[in-house]
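Report on the structure given below.
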Amino acid sequence: MAIIYTENDEYHVRKPYSLEPDVTNKLFEPYSLGDISLSNRVVMAPLTRSRAVEGLVPNPLAALYYGQRATAGLIITEATQVSEMAQGYQNTPGLYTAEQIAGWRKVTDAVHDAGGKIFVQLWHVGRVSHSDLLGGKAPVAPSAIKAETMSFVNNSFVPTSMPRALELSEIPDVIESFRSTARNAIEAGFDGVEVHGANGYLLDQFSKDGSNHRTDAYGGSIENRARLLLDVTKAVVDEIGAGRTGIRLSPVTPANGISDSNPQPLFNYITEQLDGLKLAYLHVIEGATGGPRDNAPFDFGALRSRFHGTYIANNGYDLALADKALAANDADLVAFGRAFIANPDLVARLKSGASLTDLDQATLYGGGEKGYTDYPFMTSDA
Ligand code: 8OZ
């Protein structure tokens with residue numbers, strides 16, 4: 001059965017890839033990400049596929065799917081729940097039970113056997129959920145403000161449920177769920193974790209003033225709104241080490257009804273704080289729509305210059321734009337999303353200038369091997 005989510009993933013579409021005459025090919029050079037060596041600077045971005053099985057364990061085909069894509073310098077997995085309350089769509093995987101850890105172990109083994117590196121993206125959806133996914137409970141959020149977006153549950157689209165505001169006394173449990181799931185990630189064999197601070201989910205809901213109307217230590221000023229994201233990141237760093245911890249942010253992406261009245265100072269502050277934590281990387285979705293950073297009313301260079309660790313750029317990059325960004329030192333690594341779904345050998349294709357297979361939208365979410373593990377590798381006539 002094919003699931004199609006309407007709006008979350010539509011901002012990655014761009015013109016076809018092409019080789020420009022002045023390409024430097026820096027993208028294909030190795031890179032040291034802290035203690036981890038990457039064979040190239042192409043990152044597979046996190047991509048929700050909604051194929052988890054009973055118990056929200058990764059699909060048995062996930063090992064093959066990620067193993068096929070192990071020539072990426074670094075794979076970041078699909079968003080993965082840190083607890084039962086963290087789920088917002090059906091069939092997205094978790095990493096908080098022994099069965100889920102065992103399921104992910106097969107994935108990390110497959111990627112490592114194929115010579116790749118893999119981080120897991122840790123996710124709490126907050127208000128972007130429906131009570132039918134949460135045992136009848138209301139989703140949790142910074143404030144009781146409904147997300148103007150849809151949830152996918154019982155095989156159909158429904159408006160998200162009205163959330164309830166988290167009590168101050170409940171916040172330590174949320175932080176703890178990220179910490180314990182980071183520990184599970186190491187047990188499952190991951191090279192590290194990426195905290196999902198983007199796309200209108202819980203941590204982004206706290207950071208941005210459209211969704212956070214709290215009056216306690218987690219609301220109001222920039223420092224207060226950024227507190228949960230930073231507390232969570234510190235807890236993960238404390239548990240598994242800064243060298244194994246990355247984070248993804250989307251300062252201006254309007255995903256899942258999120259908004260902030262003044263994102264530049266907010267994200268300048270967040271980035272300065274993250275820089276102090278010496279994280280493995282900062283992964284930024286650079287834009288509000290399909291274009292690269294130039295099209296956005298936001299200075300992404302201000303984040304790049306505030307963060308002294310590895311900067312991963314994402315959003316509408318093709319080979320030429322990626323090459324340009326690396327040559328200009330605007331980024332260290334570039335993450336490609338949708339192109340990796342239909343092109344398991346994306347790195348080889350980019351390197352050789354080969355054509356890319358188109359993505360089949362109908363098999364993006366849900367289902368089995370069709371549109372998951374059956375996309376072709378390059379042949380000599382590609
Ligand atoms: C597409 C569909 C469902 C979730 C995100 C985790 O936007 C997602 C997502 C994308 O970060």
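Order of listing sets the numbers, starting from 1, for every ligand and every atom in it.
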Kindly assign one of parallel, tilted or perpendicular to the pair Y65 and Y372, based on the angle between their ring planes and the thresholds 30° and 60°.
parallel
Check each atom of ligand 1 against the heavy atoms of N199 and keep those under 4.0 Å away; list them by number with element.
5 (C), 7 (O), 11 (O)
Mind checking whether H196 contacts ligand 1 via backbone (N, CA, C, O), side chain (CB onward), both or neither, at a 4.0 Å heavy-atom cut-off?
side chain
What pairs with S131 under side chain to side chain donor-acceptor pair (under 3.5 Å), at least two apart in sequence or on another chain?
S161
Which pairs pass side chain to side chain donor-acceptor pair (under 3.5 Å) with one or both residues in residues 72-83, sequence neighbours excluded?
Y66-E78, Q81-T92
Heavy atom of W123, distance to ligand 1 below 4.0 Å
yes
Which atoms from ligand 1 have a heavy atom of A79 less than 4.0 Å away?
6 (C)
Verify same cluster id: Y281, V195 (apolar side-chain graph, 4.5 Å):
no
